[in-house]
Each structure stands twice: as C-alpha cells, then as structure tokens.
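I have placed the structure first, in the form of structure tokens, so that the comments after it can refer back to it.
As a basis for the values below, the full set of heavy atoms in this structure was taken, side chains included, without hydrogen atoms, waters or symmetry mates. Quick caveat, the model's predicted, so the values are computed rather than measured. Sequence lines set the chain letters: A, B, ... in the order given, protein chains first and strands last, and positions in each chain run from 1.
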Amino acid sequence: MDTLLQQLINGLTTGSVYAVVALGYTMVYGVIQLINFAHGEVVMIGAMVAFSIITSLAGSGMPPLVIVLAGVMAAIPACMAIGYLLERAAYRPLRHAPRLAPLITAIGMSIILQHLALLAWGRNPLAFPQIIDNRVFGIGGAAISSVQIAIILLSLTMMAGLSWFVYRTRFGIAIRATAENVHVASLMGVNADRVIAATFVIGAGLGAVAGVMYGSYYGIAHYTMGFSLGLKAFSAAVLGGIGNIAGAMLGGLLLGLVEALGTGYVGEMTDLCHWPLASGILAEQCADGGNFVLFGSNYQDVFAFLMLILVLVFRPSGLLGERVSERA
Amino acid sequence: MNMSGREKLGLALIAVALIALPFVLALAGTAWVRITNFAVLFVLLSLGLNIVVGFAGLLDLGYVAFYAVGAYVYALLASPHFGLHLPFWVILPIGAAVACIAGVILGAPTLRLRGDYLAIVTLGFGEIVRIFMNNLSSPVNLTNGPKGINRIDSFRIGPVNFSGSDTIAGLVFSGPIKYYYFLMLVLLAVIVINRRLQDSRIGRAWVAIREDEVAAKASGINTRNIKLLAFAMGASFGGIAGGMFAAMQTFVSPESFVLNESIMILAMVVLGGMGNIWGVIAGAVLLSFVPELLRYTVEPAQMALFGKLLVDPEVLRMLVFGLALVFTMRFRPAGLWPETRHRREMNENRA
Amino acid sequence: MAETLLEARAIDKRFGGVQALKDVSLTIRSGEIYGLIGPNGAGKTTLFNVFTGLYPLDGGEVLFCGLPLNLESPHQVAAAGIARTFQNIRLFGNMTALENVMVGRHVRTRAGVFGAMLRTGAERAEEAAIRRRADELLHYVGIADRAGDLARHLSYGDQRRLEIARALATDPKLLALDEPAAGMNATETAALRGLIEGLRRDGLTVLLIEHDVKLVMGLCDRVAVLDYGEKIAEDVPESVRANTKVIEAYLGTSAH
C-alpha cells in the first residue's frame, strides 16, 4: 500500500472538515475579534443531534441517504439556533466590556454546552449505525472510501458556496466590510448587529455539517469531540490568517495534510534505530529489526498544536492574513 | 500597613480559628481534613493564577499543565519509579523552576501577540502536557503512562514523617493535619508575596497592562517582558502546588490534570474577583466545597425523588463552574468581592 | 539658536496603499513649544505615533539628542526621553490617580520581583521615592486632592492633567501632547494653556498637536503644517498664518 498517497487522502478528508469548522472561528473572529471557544461544542452538538436522528430512523427502512440527510437537516437548524443564542445572550451584552470578559464567557459557554450534551446523551459515544454501504475504491495503491469522497466533495461545495456568498452577495460584502471596520461599515448603513449574528449562525450551520462528517468518518460522536476538533480548527484558522475566509480553508486543508503525514511518518522518523549514530548505541534494542520509537502515531493530536506555535513564532499573521498584532 | 486594634483582634481570632480547625474537622472524620487540604491547595492555585489573569489580565486556560509539571517532577524525584528519594525542600523549588521554564517557553512566542492567542495556546498546552504524560512511557518509561506513578514519598522533616500520626501533648497529629499546617504556612507566604507584588513596581506594571496595554507601553513598560514575568510567576506557583499535591496524594496520573481542573481554578479566580487577593481566596474556598455540597444535597435528593442518580454530580459541578464564569462576567464582572483599590489606597495614605 | 532636540528626516509611512506620511522632515529645538497642525486626516497623529514607536516607519529616520532613535518599541522611546499623551485619553481606569503616575516612574526605576517579594531596603526606598515623585507631579498639575480616586472617576479635565502627570513621571526631554484641548471648554483650555506655558518655563520641550488653531498660534514658538501627509510649512506662527499654501489647505481650495 502506498503510505504517502494514503496519508494524503486521509489528510485531505480531515483537513476539509477542519476547514469547514475553521470558517466558523474565522468569521466570528473577523467581525468581533473573539475566539468563540464554544464553536467546537456547537459542532459536537451537531454531530450528536444528527446521530440521534439517524439512529432512531435506522430501522425504519427508509433509504440510507434519506436518513443521513434527515439527520443533517435536523442538526443544521439546531446548531444555528445555538449559535444565535450564544451571540444574543452571552456575547452581545459584553460587546463593550473589557477584552477578557467575552473570552471568559466563551470558555464558560463551551463548558456549559459540553456538559449539557453530557446530560442529554450520556458518557458513552454514539455509534454511527451501519446503514451505509461504505465502499472502498483503490487508487494508485491507496484506498479511498465513499464516505471520504462524500466528505471531501461536500466540504468543497460548502466552501465554494460560502465564498460565493461572502464575495458575491450584498450581505456577504456587508460581512467583509464589518470585518474590515465595524464603525465605518455602520456608517455605510450596514446593520452590524445583524452581520455579527449572521456570522455566528452561518458558522454554526457549517459546523453542524462538519460535525456530522467528522463523526461519520470516525464512526462515533462523543460529547468531548468538540474540544480537540475545535482546537485544531482554530489552529487551522490561525495558520491561514485569522479573520481571513480563504485562509481558513487553506489552513484547514494544510493542517489536515500535515497531521496525516506527521502521524504517518513520525514513528519512522523518530525511530532511533534508523539514525546512524543512535542505532550503534542502542544496538541491543535495535537487533532483529527491533525499534526505538521516540514519538509514535499516538502523538497525532500534538501536530496541530506544534503548527500553531510555529505559526505564532514565525508568521503570526498566518499565510494569507495581514498583520494581526496589537491594533493601536 | 498599620492596622487598627479591631482589625488586629479580628486577625488574631481568624488565626486561632484556623489553627484549631483541623482538630475540629478531625472530629467529623479525617476525610474532612483531607478535603480542606485540597481546598487550601486550590486557594494556592487560584492565587497563582490570579497573578496571571487577575493582575496582568492574561487569560491562561491551561494552568493545570504547570500544576501537572510540578506534580510529575515531584513524583519522579521522590518515588520508587526511578528509585530517587530527594527531600521535598529540594524538589519543590526544582518543580517551580521547571514549571517556570515551561511557562517562558510557551509565553515567549505568544505574549508579543494579541492577548487572546495566549488563551488558545494555553488551552492547547494543557492538552499537550496530558498527551505527553500519557505516552511518555515508551521507549523509555518516563511517566508510566496512564497508570501514573505510585508510592510517592510523603514530606519528611527530620524525624517527622507526614505519612503517619504523631502524638504531641495528647493531641493526635495525623498526616493530613500535618499537611494542613504546612499548607497554611505556604498559604501565608503566598498571600504575603501576592500582596507585596501587588503594591510594587512590577505589580503596578501588570495592572497597567491589564488596563491599557498601549498606554502601558507608551509609559515605558516593556510589556512583553513584564507579561512574561507574570506568566512565569504564575507557572512557578502552579509548579509548587503540584509538588505538594503529589506528596499529599502519594499518587499522580494524567487523570488529575484535565481541562476541567483548569476551568475550575479559573472559575475560582473569576467568581471571587480577578485581581483581589481576598476575593480570590473566598472564591476558591467557596467553589472547592461545591462537589462536597452537591454530594450531600443533590445525590440524596435524587435518590429520594427518583430512586436513582439521574444527574451525575460531577456534571452539575462543571455546569456550576461554567455558569459561574458566564454569570460573573455578565452581571458582576469584578467578582463577588471586587477589589477596592480606592479604599486601600486611602488607608495607606492615612497610615 | 537653541540646539536641536529631535530631528525627523524624510519620514515615510504607508497603510496598505495609502501614503499617510510622505517625506516629512522637521526639527524640534530644545526648550520650545512646537506645534503640529493640519486638516483632519493630514497625518498628524500618524506622525505622532511614529515618533513614539507605535507605528513602524517605512522610510526615513528620527534623531533624538543627536542619536538615531530606536523606534522598535514604544517603551524604548519612553526610556530615551519622549513621553506622550493620547488624543482619546488612555489612563489606567481602575488604578488610582496616584498609581497612574507611579506607573510612569517604571522606566526610571529598577526594583524587580525578588526585591518586591522580600521587601528589601533598596526596594522600599525606591518605592518611597516613586510615591514622593508621583505626589509632587500630582501637585504640579493641580490634582493632588484626587490622588486616591480611581482614574476613571476623574472629570475630563482632570483626566487630561493626570495623563500629563503620568507622562512627566517618565522624566521626558520631549513631551508630546496629542490634542490636549480636545473636548475642553474655554475655562479648561485656558487652564491647560497655563499648564503648558509652565512646562516651557521649567525647561521642557513640548510637541503639541492641536485642532484649536488659536491655541497653537498663541502658545507655540514654531508651527509645522501637514496636509495630505506632507509638510507644507514650518515657521513661526505669524509666518505660517500668512502662508498661502496653509490657507489653501485649510480652506480646501488646494488642487488635490
């Protein structure tokens, strides 16, 4: 099996999910400079709602595609409603408060949503029912499943749709104008409140779909899944340039690839038995094809974080962003 | 600072009460002394985090990572795991130093950027430290993975071992009671240090940065270094608390250092009143007893009403912390016991 | 003629595609009050932010006391001896007036964390000196009676004064005031004028950005005029007032 191609396919799959989640962070950050920590939890709730619906319809005899679609269609409005409520009830009252207040509220809301989900769905993960015949196709020595194809295509479609919306419609222009400068946009007749609420709602809607995709890729949904997914998606947004919509897409895909390649190769690369100098010292362990792996694939979740730190050190504005340092 | 006679009397009464407290608690069971000890430990952690969040206005969401670093340093240097048994007064400073270095490595790239990056980086760092603790059991067994490290040494001062009981003048000093007094001494030192820092050149610089970073820079403050100093100080405090935790518990595992712990410490600081030492202490004490409170109210209530546990008290506990964060920010941003800088200043002028 | 305190040479500053400052050169002499005026958006505050290290330069250099000024970061500019106030007052709202001024002493004092934790003799002596100096400065600007009040509870005029006191606490050679009279009534402006004249008497050099042309013309020794990011005049007030370019800029008949 071709590891490189396989990891690229896997990376593209998770990366496109990261990209869609990252859009939610970056749009909100763009308009109100807030890290909406609760976004990851919204994504998680999207997955939970969809999985519940799908599970309850699994035995109904309806076509699998209809069932999945029903799940997604239930998750989207649920998440949009949560996104709207978050903005309206938690963040809007703090819009003129000191910088720390909305940030602390965001982490508080994240904890609340996570534990409400725990109350609603329990500690055990929800499994994706075996209703889809997940066919696997071979390409060039690697495998790609129909779920992966669906995830990549759906993500690309959503990204294209959002790009069209943001760059080609009046309301999209209003969003970008608000991101550029709230005051000027308001003077130009943009209703900033509506724009800000809209970024939350749109981000949550995209997040709902992302949650379902992520859950179905790994086969489970769990009340803690939003945390690391959110952290990674935020890292992706920073990588692309926080506040920059195209950047979030690029950052998400790149992060997915880096993570997949890293996970695929880190074991081999940090196997000291492959290092000329170290293998001599470790002759005993390395004998008979033994190995001495410093960091294995269990460090998968570390890559996104390392990437985040590296970006902050070397290019804090991200790949496509303008300067983000302190605004005077 | 000069105190009036009444203030002196009040302080003396509080001191007597705190000295007598463990024996009173021991009557109800040693478990209560232990619970109180952990509450004091959380007060210490909150005071450490208060330097970062309260004074300097930097949101650290992974504070428990530094606590973990201190705990693991202690565990590795005083347990059969490596066969090392260094005395606690050697290890605690090492733990503080290692946590401090971790803080500097993390803070240096982050603190020159907008403040919210620190929040996300520390959040990530908390997770990373946990992943390392879980996985650094191979190829060399450093942390013993998820199983954690067992049989950690208790404190020992000369002939007095904190793991057993001693009877002095008819009073039984159990292990937890000895830890209680030790913690109280540390707490006293930490309060004094906090207060001194608050009223110092560095402390004013921290608050200035919290209030207006641009103006602080223009007033000649090297904001990056001063922020880094706050972050590193907070990390060191966390490291020391971690060491004490390891010794009290005689066991550490990655389980103890999850995000929820960081959130709990943050909630203590926020609810009590960011930047106000006494408020933070009150917030920490209050929230430390929430789990106990829930155990003795919600659990029996549910059993009586439904005959089974519908809602796990642990879930309620986290909901309480989440709500504490959100509602404090919305309705009482200065906390339940806001800082009274104004009055403090006036008193000092008079003195 | 007095010696040169600050010399700006061919300053360029762009924001994206907008040229905010173009080839601006000017000299401020020791002991004078130097005014900087110009229509809205002429680049006054931008120049100010460049001088105080808030914005990086795109071209040119600034000499201060004859040496190139390190504009990398504002705190180094403050250490070199340039202090400033802000157009939209920026105080430390939840600190007392006295503490605000004490923060200004930061750059001239040394005590560190360990000194503070141990309350060493040196730390206590320095702390007392900081407090004394801050107290003096509050007296100097005339708000000593508000020392214990939170900065955000002060009246607008007192906040302006407090900001000046905080800036003075850094022992500046050049005090840069960004529209200090903005939002003040006639009485407050007159009092401010007295304060600035007092500063000159005490030997301080002042850079003054001001909208109130009357105040500038009455107060300043020399005035520079910016228009569309370029310096169009630099002279004593009487000549500047008669300068046709300046009149055009203010009446908006210029050919831009």
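- Relative orientation of the A:Y29 and B:Y117 rings is tilted, given thresholds of 30° and 60° on the angle between their planes.
- Under the 30°/60° scheme for interplanar angles, the aromatic rings of B:Y67 and B:F42 are found to be tilted.
- Only the side chain of B:V270 comes within less than 4.5 Å of a heavy atom in chain A; its backbone stays farther off.
- Both the backbone and the side chain of B:V53 come within contact range of chain A, judged by heavy atoms closer than 4.5 Å.
- Considering only heavy-atom pairs separated by less than 4.5 Å from chain B, the leading option among A:V313, A:L118, A:L34 is A:V313.
- Contacts of B:N260 with chain A are made by side-chain atoms alone, with heavy-atom separations under 4.5 Å and no backbone atom involved.
- Looking at B:L59, both its backbone and its side chain come within 4.5 Å of chain A, counting heavy atoms on both sides.
- Centroid-to-centroid, the aromatic rings of A:Y218 and A:Y214 come within less than 6.0 Å.
- Considering only heavy-atom pairs separated by less than 4.5 Å from chain A, the leading option among B:T328, B:L259, B:L266 is B:L259.
- Between B:T110 and the options B:I120, B:L118, B:L228, a side-chain contact (heavy atoms from CB on, under 4.5 Å) holds for only B:L118.
- At least one donor-acceptor pair under 3.5 Å links the side chain of A:H39 to the backbone N or O of A:V21.
- Of the two parts of B:F125, the backbone and the side chain both hold a non-hydrogen atom closer than 4.5 Å to a non-hydrogen atom of chain A.
- Relative ring orientation between A:F200 and A:Y91 is described as tilted, the plane-to-plane angle lying within the 30° to 60° band.
- Most heavy-atom pairs under 4.5 Å with chain B, from the set A:L294, A:L113, A:L116: that is A:L294.
- Both the backbone and the side chain of A:L103 have a heavy atom closer than 4.5 Å to some heavy atom of chain B.
- Highest contact tally toward chain B, considering only A:Y299, A:F295, A:F292, is held by A:Y299 [criterion: heavy-atom pairs under 4.5 Å].
- Looking only at heavy-atom pairs under 4.5 Å with chain A, the residue among B:L106, B:I131, B:L58 that has the most is B:I131.
- Listed for the B:R210 side chain is a donor-acceptor partner under 3.5 Å among the backbone atoms of B:G54.
- Under a 3.5 Å cut-off, the side chain of B:Q302 and the backbone N or O of B:V311 do form a donor-acceptor pair.
- The residue among B:G124, B:A108, B:S138 with the most heavy atom pairs within less than 4.5 Å of chain A is B:G124.
- Looking at A:L231, only its side chain comes within 4.5 Å of chain B, counting heavy atoms on both sides.
- Contact tally against chain B (heavy-atom pairs below 4.5 Å) for A:L308, A:V293, A:L94: the top residue is A:V293.
- For chain A, the nearby part of B:L61 is the side chain; its heavy atoms alone come within less than 4.5 Å.
- The main-chain N or O of A:I35 is never found under 3.5 Å from a side-chain atom of B:D116 such that the two would form a donor-acceptor pair.
- Side chain of B:W337 to main chain of B:V280: no donor-acceptor pair is present (N/O by atom type, distance under 3.5 Å, no hydrogens or angles).
- Within the 4.5 angstrom heavy-atom criterion, no atom of A:A97 approaches chain B.
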